[in-house]
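The residues of the chain are indexed from 1 along the displayed sequence. For clarity, every value in this text was computed on a predicted model and none was experimentally measured. Heavy atoms only: backbone and side chains are in, while hydrogens, waters and symmetry mates are out.
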Amino acid sequence: MNYTPTFPILSLQPADSARWERQRFCRFLLDQDYGDGAGGENNIRPQIDTFLGPERSALVPAVDFSNNALLTAATQLTIPGLYNAAPQVMHRSPDGLDLASAMEDSDYWLWMQRMQFLAVGVGDALLHISLVDGALHFREVPCCAVTVDVAPDDPSRLVCFRELRLRDLRGIDETLGFQWCWDVYRLGPEPEFYIESAGDKPVRYTNILEGVPAEGLRGAAYTWRFADGTPYAPYNHYATSISGGYWHHNQVRGLARSTVKAMAFATAAGQSAFDSSHSTAIGVDIVLPGAPVTSTDGSGLGGMPASRISMLPGTLLAVASEDNKQGSITQLRPSADLAQLRMWMAGEESALLTRLGLAADDVQFTAANPTSAASLAIRNRAKRMVCDRSKPFFRAADAHAFRIAGALLGLPEDGYSFAYQEIPDSPEDQKTQLESEQIELAMKLTSRVILYQRHHPGTSREDAIRALKQIDDDEASLSPVTQPTIPTGVANGAA
């Protein structure tokens, strides 16, 4: 499925135009949307050709895009990730728990699997949050369809958010049809929402949405507000780092370039391998059956007459000499050293893993060809490290998503805590940790509450105490009832 729409040519700021191009290309790689044109690779072929060069690319009929390191890394680092199972959401009030149920029923946590995948592979991810028929609705928004203005002193504080969308304008005028438009959210003391056509001469539409007054959603009429009156844009932003700016696409720029280089090299190496198994021989002054062809001598005036016959494996090309010597056959052997090529690719793979912040022992290869990105398998230890590093960013983003959903539904906006699924340790590590915790408890160096919080990061002290009390109650209810001992005399009816 193509998740990245084809946008019209727009006049953007140079920085936004360059960012869109990079983020769009990363999405092509992550979604394996290599293109639908001739060869099915027009979305990535221009970047591949920059490495192959014009002469070699002219001889390449198809690109080997199986060695997609960006896709492999993003997939490996997010499975199981934080959202393989829905996190446990805790809140003091029943209304807060109702919102947690509404978020799960609306598939928010399923969307978060996609958001984490995109945040790792693109650098950023965006989710639009709205109400449709009174229920929460989520929509993925490509970052390469958005521009933002932020406060000069705080890059995380939005001043203006603009999303490029295909809009149906027939409600205004049947002749307008479907057009690419900007959804514009301007935040500040006088917040405003309007829709603007994305052409050279933009036209502003203020009342395209159902129930919106003619003057549009401006000032007091602006509907997207938190309980304290603060206006917001109904989008949630996800990233795996802090860069001092709103966007984080540059953090995967090197990985994306490495993927293009790996694809280009795999294509060239594949051709070398084919050449090794399908070599060419030249026969001088011999006669072959088949139609004659003309060889090229590089002069532009044609060449010597020749004949050719295909064999398995290889091709035999027959030519005639000027002095008509005795016939001979010469084997042309490929000059590429395939073993050296494999070693070079393995070295590139190691450098790629270093750029991801992984050590050599964090990775194992599961296929016969260890230089293939598809065979790369990242160990749970490294996945856990990456998840722990990005967990604070996703916890803050999930809290903001709950705040938006709470504002839309009139339910509590704050006070939520999230306990994410932990990637399991190895059995040996689990045994060592259990023994260490038992010693800590025996020596009064910790408490069950602290241990519960350690095993459920993000859980408040109050929630941990409540959970432990529930565990104790459950254990007590499951314990067998001890029957009182009846004296023998009473049992026999004695007074």
### Query
D183 and F193: side-chain contact (heavy atoms from CB on, under 4.5 Å), yes or no, with the steps?
CA-CA 7 Å; D183 282 11; F193 169 79; 4.0 Å; yes
Nearest-0.5 Å distance, [atom1] of residue [X] to [atom2] of residue [Y]:
| X | Y | atom1 | atom2 | result |
| --- | --- | --- | --- | --- |
| Y205 | W182 | OH | CH2 | 15.5 Å |
| L169 | C181 | CG | SG | 4.5 Å |
| M115 | E140 | CE | CD | 4.5 Å |
| D64 | E41 | CG | CD | 10.0 Å |
| L12 | R162 | CG | CZ | 8.0 Å |
| D16 | T147 | CG | OG1 | 5.5 Å |

### Query
Would K391 and D388 satisfy salt bridge (charged side-chain N to carboxylate O under 4.0 Å, His left out), going step by step from the backbone distance to the final call?
CA-CA 5 Å; K391 192 179 299 180; D388 289 344; 3.5 Å; yes
Is [Y] close to [X] at the side-chain level, that is, under 4.5 Å between some pair of heavy atoms?
| X | Y | value |
| --- | --- | --- |
| L71 | F117 | yes |
| V260 | I48 | yes |
| N68 | Y34 | yes |
| Y452 | I465 | no |
| N250 | S243 | no |
| R19 | D124 | no |
| P87 | M112 | no |
| L127 | Y108 | yes |

Smallest separation among heavy atoms of [X] and [Y], with atom names:
| X | Y | value |
| --- | --- | --- |
| A233 | I404 | O-CD1, 4.2 Å |
| D95 | P412 | CB-CD, 3.5 Å |
| A419 | M90 | CB-CE, 4.0 Å |
| I242 | F393 | CG1-CE2, 3.3 Å |
| L70 | G121 | CD1-O, 3.6 Å |
| T240 | V120 | CG2-CG2, 4.1 Å |

### Message
Is it true that S390 and Q116 share a donor-acceptor pair across their side chains at a distance under 3.5 Å?
### Response
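The answer is no; no qualifying pair exists.
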### Query
Is R403 close enough and on-axis enough to F226, meaning under 6.0 Å and within 45°, for cation-pi?
yes
Donor-acceptor pair, distance only, cut-off 3.5 Å: does the side chain of [X] make one with the backbone of [Y]?
| X | Y | value |
| --- | --- | --- |
| E104 | A86 | no |
| T50 | Q47 | yes |
| H128 | V141 | no |
| R27 | C143 | no |
| T78 | G81 | no |
| T267 | V63 | no |
| Q113 | Y83 | yes |
| T446 | E440 | no |
| W224 | L408 | no |

### Task
List the steps and the verdict of side-chain contact (heavy atoms from CB on, under 4.5 Å) for V148 and W247.
CA-CA 9 Å; V148 298; W247 301 110; 3.6 Å; yes
### Message
For a side-chain contact (heavy atoms from CB on, under 4.5 Å) check, start with the C-alpha distance between V159 and V150, then their side-chain angles and the critical distance, and finish with the verdict.
### Response
CA-CA 5 Å; V159 174; V150 297; 5.5 Å; no
#### Entry: Within the 6.0 Å centroid threshold, strictly below: H237 and Y246
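That pair passes the under 6.0 Å test.
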### Task
Determine, using ring centers only, whether F402 and F418 are less than 6.0 Å apart.
yes
### Task
Show the numbers, then the answer: is there a ring pair (Phe, Tyr, Trp, His ring centres under 6.0 Å) between Y185 and Y235?
CA-CA 10 Å; Y185 300 81; Y235 298 82; 5.5 Å; yes
### Task
Could you check Y238 against L126 for side-chain contact (heavy atoms from CB on, under 4.5 Å), going step by step and ending with a plain yes or no?
CA-CA 6 Å; Y238 305 89; L126 290 168; over 6 Å; no
Count the heavy atoms belonging to other residues, nucleotides or ligands that lie under 6.0 Å from [atom1] of [X], then report whether that count exceeds 12.
| X | atom1 | value |
| --- | --- | --- |
| R165 | CZ | yes |
| Q13 | CD | no |
| L441 | CG | yes |
| R461 | CZ | no |
| D153 | CG | yes |

### Query
Could D398 and R395 be called an ion pair, given the rule that one side-chain N must be under 4.0 Å from one carboxylate O?
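Salt bridge between D398 and R395, a charged N being under 4.0 Å from a carboxylate O: no.
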### Task
Check side-chain hydrogen bond (donor to acceptor under 3.5 Å, both in side chains) between H91 and all other residues, then give those that pass, not counting sequence neighbours.
S93
### Task
Give the intermediate values and the outcome of salt bridge (charged side-chain N to carboxylate O under 4.0 Å, His left out) for residues D31 and R114.
CA-CA 11 Å; D31 292 331; R114 171 75 175 171; 3.0 Å; yes
